[in-house]
Amino acid sequence: MIVIIAEKPSVARELAKIVGAGKKEDGFISGNGYCVTWAFGHLVQISTSESDVPWRRENLPILPAAFELRPGQSMGKDGKKADDQGYVHQLEVIRRLFDNCEYIINAGDAGREGELIQRYIYAYVGCTKPVKRLWISSLTDNAIREGLAKLHDSSEFDTLYAAGKARSEADWLVGINATRALSIVAGKGVRSLGRVQTPTLAMVCRRYLENRDFVPKPFWNIRAVGNRDGIAFKALTKERFLGREEAEKALSAVLSSGEMSVTKVEKKAKNISQPYLHDLTSLQKEANKRYSMSAQDTLDIAQRLYERKFLTYPRTGSNFVPEDVFATLPSLIAQQSSHPVYGDKASALAGAQLDRHSVDETKVTDHHALLPTEVIPTQLSEDERKVYDLVIARLLEAVSPKCEQLVTAIEFDAAGVQLGARGIVTVKPGWKAIQGDTSSKNDEDEQALPSFAKGDRIAISEATCVEGKTTPKPLHTEATLLQAMEHAGKEVEDEDLKSALKDVGIGTPATRAGEIETIIRRGYVVRQGKTLIPTDIGLAIYNTVKDKYIANVEMTGRWETSLSKIVDGKVSATDFDASIRRYVVALTSEILATDDLSLRAAVLSEAEPDALKCPRCGGPMKIWDTNVKCKACGHSIWRTVAGKLLTENMLTRLMTNGSTQVLKGFRSKAGKNFDAALRLDSEGRIAFDFTKVDSGAGNARRSRPMNVSTVSASSPDDETPPPPTVEDYPYWQ
């Protein structure tokens, strides 16, 4: 018997179909000499008994000599975390299958975290059987068959596992020590810090403070209007005037002159290169810019499209494809000829020579760029269609010809005042025709200019003095924050370091969305439209740690580089761990030495949400990190429902109105995503309500709402929440 283990049940079902396993068993599918089983994501977690020590200065730093493994945990009815019994049962199923098999096929997600999830399971159950690796970039039938035909030896991915393990342990060490140290300094509550979370918060706060404290400075330009051959055009002074008197003096000279002479004519052909294919980060940025989608929503949607075989592996950090994948693009494009938006564009490219600038095997990391598969979707939700179409549009743009433009620049002199006019004519739109984007950043660049020759004299029909003001850098959106995280080296002020770190990012394409969600969920940042605004407590924490190790973008970026080098075998995981432990000692000491009265003041004055009324007794309810609890009767409702954390806004609407609008992103125990509204039942518990859900692909259907909260809490404590543990506040979740 051969055992195949996937990361989730939905993937296991696809694999079972291909290998001919069709008999459903308890925790696996069997048949044709195979048993196909699955994890539930992080089925096994790292742990140490030292995390249970009291939250006191003298107990820090916490530096366990080694980590243990245990099943993933869930919240029990007593309000305490314990080993999830569903996880425990599945691990026993996996253990029995491993004990009785010939060998194992690791079919986890083909990436660092996927490898880590699998290896932790093997270690926990004491696996001694040979392991082979299935490494594929899509879940189409053909891709699975080809992958099974050329399995890899598991040892080829030992360094990938080493990097994942190093990341996991580093995040634990930094998270538990920094969080406890800052919470002790703050004097109240749990104040989470993390290796990537805190530099990300620092980026948002820095940009906000720069924007808030920016003092605009006025400037003036002279705008002159001329006409030649019946074509009106505008010319602006080449330099800004910083004083009104100087500007008005120049305007007077221009008006007195009444004409301007051409001093220079320059025409240049300009080719604008195509964008590269999407990786996850560029897809998230594009979805945020065009549709205001959060990075996490975009990732979740792309993951669903991958699991439904419509897209290739989404958690990729590469914008490139190798030669063999490029050879498949003509057929992929031809299959899009019936696309409702891009069908005509796809048909036009089907027989054309495709541009190759996204072909570079040396820049393909674990996976190639994000692409559609040969499976054409028949039914998608509105948001799924948007994300899918962004991938289609980018594919067509990346292989289309360059955009050819003619740029004309004219310089004028009017009584000693220098002016200029610029015009752009698109000769061949090329790739920009795919989405109809042929505009330039400056509207005046798009003006049609008549023909000029040096020495021509043009009458001025109108001249005005135009006042403007300098503007600050705009507040971060998720799109710009993702860009900043991807190119964190640009945040470094030292020019030598900036050059050395120019390609360094913090986090990975797969984790950046989660880091943004973390600082929002912790209450450090809020969304206002597209922009990200730090809260008072977020700013207070930033001001406390901004000059400390924990907020150092350079150091975090170097660690990300080191993790990549562990994969390449160029850095030892042991050396990396030693550097993290030295850092934690210094970091903890640094935070504990802080005596920041402004942080304590912010914590004490932190505004609590308006009191919510308990649906059972009408008493006040308080929102904690993990639940909402009545201070009078102790009734408690957990904030995580079917894998989705409810925000304070969702909870407020639910408790105030008795129901919510349709929410996206729930996940069933079988691993399927679905949408549903929530309502309160007669006992004040949360139940699903599917009556508001529009019909569409991927939504679960049940004949009646399913109860999802049956918790009754113990007697309340008005002053303090349940004792926190590091598992309650893992910063990367």
Side-chain angles (χ1 to χ4, degrees), residues 41-48 50-51 60-70 72-73 111-117 119-120 160-183 190-202 315 485 488 504-519 521-522 524 545 548-553 555-567 571 573-588 591 625 724-733:
H42 286 273
L43 201 57
V44 175
Q45 299 175 347
I46 58 173
S47 173
T48 171
E50 294 181 49
S51 63
L60 296 179
I62 299 172
L63 297 169
F67 287 92
E68 303 164 358
L69 295 175
R70 71 173 180 209
Q73 295 195 307
R112 189 174 74 187
E113 291 306 301
E115 192 68 21
L116 178 69
I117 287 170
R119 299 286 187 114
Y120 275 173
L160 189 67
Y161 163 61
K165 183 172 180 288
R167 192 282 309 158
S168 175
E169 294 178 358
D171 284 351
W172 194 97
L173 289 167
V174 174
I176 193 171
N177 286 289
T179 295
R180 291 194 179 193
L182 186 67
S183 300
V190 176
R191 306 298 161 183
S192 167
L193 295 178
R195 184 180 62 90
V196 180
Q197 171 196 335
T198 305
T200 303
L201 172 65
R315 290 175 166 84
M485 294 173 75
V504 170
I506 60 172
T508 66
T511 61
R512 288 172 190 141
E515 300 294 348
I516 295 173
E517 291 299 323
T518 294
I519 60 177
R521 188 168 67 248
R522 297 299 183 214
Y524 299 166
V545 303
K548 297 180 171 51
Y549 292 118
I550 190 68
N552 191 308
V553 172
M555 184 174 294
T556 305
R558 288 189 186 279
W559 281 343
E560 296 293 347
T561 301
S562 294
L563 288 170
S564 297
K565 289 182 177 179
I566 291 174
V567 177
V571 168
T574 302
D575 291 345
F576 178 81
D577 178 70
S579 72
I580 289 289
R581 289 170 182 264
R582 289 193 298 270
Y583 163 82
V584 165
V585 171
L587 166 69
T588 307
I591 295 176
D625 271 17
T725 67
V726 71
E727 289 77 19
D728 291 321
Y729 305 97
Y731 85 88
W732 58 85
Q733 286 186 355

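Between I550 and A178, the shortest heavy-atom contact is CD1-CB, 4.2 Å. Minimum interatomic distance between L116 and S168 (heavy atoms only, all atoms of both residues): CD2-CB, 3.9 Å. Of all the heavy atoms in A166 and L563, the pair that sits closest is CB-CD2, 4.0 Å. Counting all heavy atoms, side chain and backbone alike, P199 lies closest to G194 at CD-O, 3.8 Å.
Listed for the T511 side chain is no donor-acceptor partner under 3.5 Å among the backbone atoms of G507. Looking at T588, its side chain does come within 3.5 Å of a backbone N or O of V584 through a donor-acceptor pair. At distances below 3.5 Å, at least one donor-acceptor pair connects side-chain atoms of S183 with backbone N or O atoms of R191. Of the possible donor and acceptor atoms, one in the side chain of S51 sits under 3.5 Å from a partner among the backbone N and O of T48. Without hydrogens or angle criteria, S47 side chain to E68 main chain gives no donor-acceptor distance under 3.5 Å.
Ion pairing of R315 with E113 is absent here, as no side-chain N (NZ or NE/NH1/NH2) approaches a carboxylate O to less than 4.0 Å. E115 has no carboxylate O lying under 4.0 Å from a charged side-chain N of K165, or vice versa, which leaves the two without a salt bridge.
Between W559 and I580 there is a side-chain heavy-atom pair separated by less than 4.5 Å. Side-chain contact between Q197 and Y524 is present, with heavy atoms from C-beta onward closer than 4.5 Å. Residues P61 and L173 have side chains not in contact (no heavy-atom distance under 4.5 Å, counting atoms from C-beta outward). Contact annotation: the side chain of T198 approaches that of V545 to within less than 4.5 Å [non-hydrogen atoms, C-beta and beyond]. Contact check for L193 versus N177: no side-chain heavy atoms found under the 4.5 Å cut-off. Side-chain contact between V174 and L587 is present, with at least one heavy-atom pair separated by less than 4.5 Å. In this structure the side chain of I62 reaches within 4.5 angstrom of the side chain of R180, judged on heavy atoms. The closest side-chain heavy-atom distance from Q45 to L69 is not below 4.5 Å.
Once rounded to the nearest 0.5 Å, the distance linking CD1 of I566 with CZ of R112 reads 8.5 Å. Here the CD-CD1 distance, from E50 to I176, works out to 9.0 Å after rounding to the nearest 0.5 Å. To the nearest 0.5 angstrom, T179 atom OG1 is 7.5 Å from R522 atom CZ. Taken from CD1 in I506 to OG1 in T200, the straight-line distance is 4.0 Å, to the nearest 0.5 Å. To the nearest 0.5 Å, atoms NZ (K548) and CG (L182) are separated by 9.5 Å. The distance from atom CD1 of I516 to atom CE of M485, rounded to the nearest 0.5 Å, is 5.5 Å.
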- Query: Can E560 and R167 be said to form a salt bridge (charged side-chain N to carboxylate O under 4.0 Å, His left out), step by step?
  - Reply: CA-CA 9 Å; E560 296 293 347; R167 192 282 309 158; over 6 Å; no
- Criterion side-chain contact (heavy atoms from CB on, under 4.5 Å) on I46 and Y120, from CA distance to verdict: CA-CA 9 Å; I46 58 173; Y120 275 173; 3.2 Å; yes
- Message: Quick one, S564 with T561, criterion side-chain hydrogen bond (donor to acceptor under 3.5 Å, both in side chains). Give me CA distance, side-chain angles, the key distance, then yes/no.
- Response: CA-CA 5 Å; S564 297; T561 301; over 6 Å; no
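No more than 12 heavy atoms of other residues, nucleotides or ligands sit less than 6.0 Å from atom NZ of K565. Remark: Y549 OH is loosely packed, at most 12 non-hydrogen atoms of other residues, nucleotides or ligands lying under 6.0 Å away.
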